[in-house]
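Reviewing the structure listed below.
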Amino acid sequence: MLYQLSEVERLLDEGAGLYVRYSAGYATDLERGSVDAESGLPLPGLAAHPLDAEAWWTLPRGEWVARQISRLPAPRHSPKDALRPERFAWLLRGTEAGRGPDGEVLVTDVEVVGRLAECLIEQADGVWGARFDAELGRREAELVSVAHA
């Protein structure tokens with residue numbers, strides 16, 4: 001379990017190819033497979049958000065990491081019922097295999113790195129909210145989600 005953004009940054013120091021995913025976990029992902037919900041087509045990897053900053057990003061790396069983590073639905077927002085397993089944020093390393101239908105990175109050769117504690121997600125939300133127009137970003141993300149629904 002990871003509790004601080006600084007822990008994620010240390011993992012980035014160890015090498016590229018670090019991603020964050022929100023799901024019921026790797027075992028469940030393996031069992032179910034990765035499928036495009038709309039078409040039913042199998043995907044060649046797990047959808048994830050890259051934590052390696054893009055070359056154009058000139059702000060501190062920690063702010064990129066906070067932004068990527070804050071874009072995920074937090075566990076506290078996850079519906080919990082008998083039909084859906086618990087979902088949570090977790091880190092993985094892997095190889096990009098392509099892009100999904102919404103432009104998300106698809107990752108193969110997955111190595112599970114660790115689960116993100118709720119306090120780490122709250123810390124990321126705080127960094128992102130203090131540094132960026134977080135509400136604008138969330139509204140834009142919601143518009144994209146609605147357009148793809």
Side-chain angles (χ1 to χ4, degrees), residues 1-37 42-80 84-145 148-149:
M1 186 74 74
L2 299 157
Y3 297 95
Q4 296 288 320
L5 281 173
S6 60
E7 294 175 272
V8 177
E9 287 194 73
R10 278 195 294 280
L11 289 167
L12 284 165
D13 289 339
E14 294 173 11
L18 189 64
Y19 302 86
V20 62
R21 177 169 168 77
Y22 184 75
S23 74
Y26 187 54
T28 302
D29 291 342
L30 279 178
E31 181 181 303
R32 293 183 176 180
S34 193
V35 177
D36 173 34
L43 296 173
L46 299 177
H49 294 276
L51 293 181
D52 298 308
E54 293 289 336
W56 55 264
W57 187 261
T58 58
L59 299 172
R61 180 177 65 183
E63 292 177 357
W64 173 270
V65 172
R67 183 176 182 175
Q68 293 297 91
I69 290 171
S70 292
R71 295 266 174 164
L72 297 173
R76 65 186 173 272
H77 301 270
S78 175
K80 293 178 183 162
R84 294 178 222 150
E86 176 191 9
R87 294 165 48 94
F88 53 88
W90 55 283
L91 295 184
L92 59 136
R93 287 196 186 278
T95 305
E96 285 192 28
R99 298 283 174 168
D102 296 320
E104 69 278 20
V105 175
L106 299 175
V107 182
T108 60
D109 304 321
V110 171
E111 171 196 342
V112 177
V113 175
R115 185 171 170 168
L116 302 184
E118 180 65 15
C119 60
L120 189 153
I121 295 170
E122 290 171 357
Q123 182 184 17
D125 287 346
V127 169
W128 187 42
R131 179 66 171 98
F132 304 104
D133 186 349
E135 286 307 311
L136 174 63
R138 285 192 179 100
R139 284 193 305 273
E140 287 180 358
E142 287 173 8
L143 289 174
V144 169
S145 295
H148 291 285

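Values below: all heavy atoms of this structure, side chains included; hydrogens, waters and symmetry mates excluded.
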Walk me through whether Glu104 and Arg71 qualify under salt bridge (charged side-chain N to carboxylate O under 4.0 Å, His left out). CA-CA 12 Å; Glu104 69 278 20; Arg71 295 266 174 164; over 6 Å; no
side-chain contact (heavy atoms from CB on, under 4.5 Å) between Val105 and His49, intermediate numbers included: CA-CA 6 Å; Val105 175; His49 294 276; over 6 Å; no
Please evaluate residues Arg93 and Leu11 with respect to the criterion side-chain contact (heavy atoms from CB on, under 4.5 Å), reporting the C-alpha separation (whole Å), side-chain torsions for both, the decisive distance (0.1 Å), and the verdict. CA-CA 10 Å; Arg93 287 196 186 278; Leu11 289 167; 4.0 Å; yes
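The structure places CG of Leu5 at 9.5 Å from CD of Glu7, a figure rounded to the nearest 0.5 Å. To the nearest 0.5 Å, the span separating CG on Asp109 from OG1 on Thr95 amounts to 4.0 Å. In this structure, OH in Tyr26 is found 13.0 Å from CD in Glu31, a value given to the nearest 0.5 Å. Rounding to the nearest 0.5 Å places CG of Leu120 at 12.5 Å from CZ of Arg115. Rounding to the nearest 0.5 angstrom, the gap separating the CD atom in Gln68 from the CG atom in Leu51 is 6.5 Å.
Among all heavy-atom pairs drawn from Tyr22 and Ala89, the shortest one is CD1-N, 3.7 Å. Minimum interatomic distance between Tyr3 and Ala117 (heavy atoms only, all atoms of both residues): CD2-CB, 3.5 Å. Residues Pro44 and Thr108 approach most closely at O-CG2, 2.8 Å, considering heavy atoms. The two residues Val107 and Gly94 have their closest heavy-atom pair at CG1-CA, 3.5 Å.
Looking at heavy atoms from C-beta onward, Glu111 lies out of side-chain contact with Leu92 at the 4.5 angstrom threshold. In this structure, Leu43 and Pro101 have side chains that are in contact, with non-hydrogen atoms separated by less than 4.5 Å.
For Arg131, the side-chain hydrogen bond (donor to acceptor under 3.5 Å, both in side chains) partners are Glu63, not counting sequence neighbours. Not counting sequence neighbours, the partners of Trp90 by the side-chain hydrogen bond (donor to acceptor under 3.5 Å, both in side chains) test are Ser23.
Between the side chain of Ser34 and the main chain of Gly45, a donor-acceptor pair closer than 3.5 Å is present.
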Which donor-acceptor pairs under 3.5 Å do the side chains of residues 12-21 make with protein atoms, sequence neighbours left out?
unit_1 : atom_1 : unit_2 : atom_2 : d
Asp13  : OD1    : Arg61  : NH1    : 3.1
Asp13  : OD1    : Arg61  : NH2    : 2.8
Tyr19  : OH     : Glu96  : OE2    : 3.3
Arg21  : NE     : Asp29  : OD2    : 2.8
Arg21  : NH1    : Ala47  : O      : 2.7
Arg21  : NH2    : Asp29  : OD1    : 3.3
Arg21  : NH2    : Asp29  : OD2    : 3.4

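Checked options Ile69, Leu2, Val112; the residue passing with Leu91 is Leu2 (criterion: side-chain contact (heavy atoms from CB on, under 4.5 Å)).
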